[in-house]
Visitor: 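Have a look at this one before I ask anything.
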Amino acid sequence: MLPKERILNVPVYKPGKPIDDVKRELGLTEVIKLASNENPYGYSPVVKEAMLAAMNDLAIYPDGGSMQLRWELAEFLNVQPEQLIFGNGSDEIVLMISRAYLEKGTNSVMATPTFSQYRSNVTVEGADLLEIPLKNGVHDLEAMLAAINEQTRVVWVCNPNNPSGTMNTSDELLAFLEKVPANVLVVLDEAYYEYVVDENYPQTIPLLDKYKNMIILRTFSKIYGLAALRIGYGIANPEVVSHLNHVRGPFNTGSLSQVAARAAISDQEFVTQCSQKNRQQMKRITDKCDELGLHYFPSQTNFVLLEVKRDSDEAFQYLLKKGIITRSGNALGHPGYLRVTIGNSEQNDKLLAALESLVTEAAKK
Ligand SMILES: Cc1ncc(COP(=O)(O)O)c(C=O)c1O
């Protein structure tokens with residue numbers, strides 16, 4: 001068989017290690033996963049009720065247009081229903097954007113390191129990658145702007161960025177959007193939007209009226225705690241949504257996912273509580289880093305990229321043996337660092353103790 005040659009250059013996505021694998025491999029009974037930026041507080045109880053009530057309808061295909069969810073989310077976000085597109089996770093919207101706008105002879109601008117799926121999908125489409133290094137962990141929007149040329153079709157701005165957790169301010173983004181050519185699509189990936197507390201973070205939905213060449217990506221996988229259900233969405237001008245609909249699969253989001261997402265947005269109290277707890281637990285981790293003299297990037301998300309003062313893979317293995325799954329910075333373009341999801345209080349007790357012993361042992365060597 002002869003696959004497209006270029007797909008062989010696309011690395012198969014390596015997810016955070018599953019808990020059961022680690023338990024089996026290391027003979028541990030208690031393992032915590034702080035590797036994939038999931039919500040340690042689970043999901044709202046109203047989601048479960050709504051899903052159980054919807055269990056009878058599984059023989060019927062889902063509503064391909066996600067109409068009920070579309071209306072309710074449009075009202076919640078104060079946008080028009082035609083401005084929304086839903087995906088099997090926001091991952092699938094990244095795929096649809098790449099499919100709709102990129103091909104051989106075009107290029108796409110992104111930061112490095114950033115969320116790996118942009119690179120993978122651009123490569124699958126045969127477009128060239130123009131990767132611009134982060135500056136102090138933040139997107140260098142001026143350099144990204146300077147990289148845009150006649151062949152550029154899509155620019156990816158992950159804000160806040162994964163894996164650094166850092167954000168670009170409203171002023172920076174506005175200055176950038178003002179200069180991006182109108183025929184270049186700017187993707188603003190806001191997967192961690194609900195976690196952001198910085199006042200200078202851009203509120204991008206109102207900008208859609210002025211900048212028609214924008215799409216905002218958000219997800220139910222992070223603060224809403226529904227990563228297993230795979231549902232995310234894009235907010236854009238109807239023209240962009242209509243382009244994406246040409247490449248969208250017929251029933252790309254499941255009925256239960258749609259029901260769960262509707263219930264999830266109805267419980268904003270849960271979202272607020274998770275965000276507050278996240279900040280409290282983040283502070284415990286960054287305080288410990290300060291105490292141990294470890295550098296970290298200021299994060300507006302539910303994870304933090306922190307220095308480990310030894311090889312990242314070694315630090316990853318050290319924590320793994322203590323039953324804590326994190327992400328090695330080597331795999332994320334940040335050698336010498338680990339990316340750690342902000343867990344709950346109990347999980348962080350374990351993490352902080354393990355971090356402390358990791359650093360003290362390294363110092364003794
Ligand atoms: C920046 C960013 N965008 C998108 C995604 C994908 O999320 P989803 O679960 O909605 O596909 C992630 C997941 O980690 C992410 O970090």
Side-chain angles (χ1 to χ4, degrees), residues 11 13-18 33-40 42-43 47 66 69 73 84-99 108 110-122 134 137-139 154-168 186-196 201-202 204 215-235 244 248-249 252-254 256-258 260-261 264-265 271 278 297 299-305 325-327 329 331-334 339-342:
Y13 183 75
K14 284 206 192 79
K17 254 177 138 24
K33 184 173 172 225
L34 302 177
S36 302
N37 311 333
E38 292 137 336
N39 187 342
Y43 55 89
V47 168
S66 313
L69 171 60
L73 186 61
L84 297 174
I85 178 118
F86 295 93
N88 195 256
S90 49
D91 275 346
E92 199 199 10
I93 306 183
V94 172
L95 181 148
M96 289 191 260
I97 292 168
S98 306
R99 234 183 187 192
S108 187
M110 67 190 70
T112 183
T114 190
F115 184 52
S116 62
Q117 290 309 290
Y118 315 145
R119 189 180 216 281
S120 299
N121 282 286
V122 169
L134 299 176
V138 181
H139 279 54
V154 180
V155 181
W156 307 86
V157 179
C158 189
N159 199 30
N161 188 44
N162 179 3
S164 51
T166 50
M167 64 159 227
N168 286 97
V186 178
V187 183
L188 296 169
D189 186 344
E190 299 182 351
Y192 301 94
Y193 172 82
E194 298 84 358
Y195 284 110
V196 176
Y201 183 71
T204 48
I215 180 165
I216 301 158
L217 306 188
R218 295 197 189 155
T219 182
F220 288 98
S221 300
K222 303 300 175 185
I223 211 160
Y224 288 103
L226 301 177
L229 294 179
R230 313 304 302 122
I231 184 154
Y233 58 98
I235 320 160
L244 300 185
R248 184 174 63 80
N252 66 321
T253 62
L256 290 182
S257 312
Q258 293 176 24
I265 46 180
V271 173
N278 181 64
F297 289 90
S299 173
Q300 291 294 319
T301 64
N302 66 339
F303 58 85
V304 64
L305 187 64
I325 315 173
T326 58
R327 283 301 278 264
L332 300 169
H334 265 286
R339 193 192 67 195
V340 180
T341 303
I342 311 298

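Every number for a ligand or one of its atoms is a count from 1 in the order of the listing. The shown structure was predicted, so the numbers you read here are calculated from the model rather than taken from an experiment. Scope of the values below: all heavy atoms of this structure, side chains included, with no hydrogens, waters or symmetry mates.
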Visitor: Looking only at heavy atoms, what is the nearest atom pair of G333 and P113, with distance?
Guide: O-CG, 3.8 Å
Visitor: Of the backbone atoms (N, CA, C, O) and the side-chain heavy atoms from C-beta on, which set of Q117 has a member under 4.0 Å from an atom of ligand 1: side chain, backbone, both, or neither?
Guide: neither
Visitor: Can you tell me which residue among N168, T114, T166 is in a side chain to side chain donor-acceptor pair (under 3.5 Å) with N161?
Guide: T114
Visitor: What residue and atom, counting heavy atoms only, is the protein's closest point to atom 5 (C) of ligand 1, and at what distance?
Guide: F115 CZ, 3.3 Å
Visitor: State whether K33 and E38 are salt-bridged, where the test is any N-O pair (Lys NZ or Arg NE/NH1/NH2 against Asp/Glu carboxylate O) under 4.0 Å.
Guide: yes
Visitor: Does any N/O atom on Y118 come nearer than 3.5 Å to any N/O atom on ligand 1?
Guide: no
Visitor: Between N88 and ligand 1, is there a nitrogen or oxygen pair with a distance under 3.5 Å?
Guide: no
Visitor: Could you find the nearest protein heavy atom to atom 6 (C) of ligand 1 and give me its residue, atom name and distance?
Guide: D91 OD1, 3.3 Å
Visitor: What atoms of ligand 1 come closer than 4.0 angstrom to any heavy atom of N162?
Guide: 1 (C), 15 (C), 16 (O)
Visitor: Using distance alone, determine whether D189 and ligand 1 share an N or O pair under 3.5 Å.
Guide: yes
Visitor: Short list, please: which atoms of ligand 1 are under 4.0 Å from a heavy atom of R230?
Guide: 8 (P), 9 (O), 11 (O)
Visitor: Any atoms of ligand 1 less than 4.0 Å from a non-hydrogen atom of S221? List them with their elements.
Guide: 8 (P), 9 (O), 10 (O)
Visitor: Would the distance check show the side chain of S90 and the main-chain N or O of L217 forming a donor-acceptor pair, the cut-off being under 3.5 Å?
Guide: no
Visitor: Considering non-hydrogen atoms of the protein only, which is the closest contact for atom 7 (O) of ligand 1, and what is the distance?
Guide: S90 OG, 3.3 Å
Visitor: Using a strict 4.0 Å cut-off to heavy atoms of C158, name the atoms of ligand 1 that fall inside it.
Guide: 1 (C)
Visitor: Between D189 and W156, is there a side-chain heavy-atom distance shorter than 4.5 Å?
Guide: no
Visitor: May I ask you to list the atoms of ligand 1 that are less than 4.0 angstrom from any heavy atom of G89?
Guide: 8 (P), 10 (O), 11 (O)
Visitor: Quick one: pull up CZ in R99 and CZ in R248 and give me the separation to the nearest 0.5 Å.
Guide: 13.0 Å
Visitor: What protein heavy atom is closest to atom 14 (O) of ligand 1, reported as residue, atom name and distance in Å?
Guide: K222 NZ, 2.9 Å
Visitor: Can you tell me if F220 has a non-hydrogen atom under 4.0 Å from ligand 1?
Guide: no
Visitor: Does R218 count as lying over the ring of Y193, i.e. NZ or CZ under 6.0 Å from the six-ring centre, within 45 degrees of the axis?
Guide: yes
Visitor: May I ask you to test the N162-T301 pair for a side-chain heavy-atom distance under 4.5 Å?
Guide: no
Visitor: How far apart are the closest heavy atoms of S116 and Y13, and which atoms are they?
Guide: OG-CE1, 3.6 Å
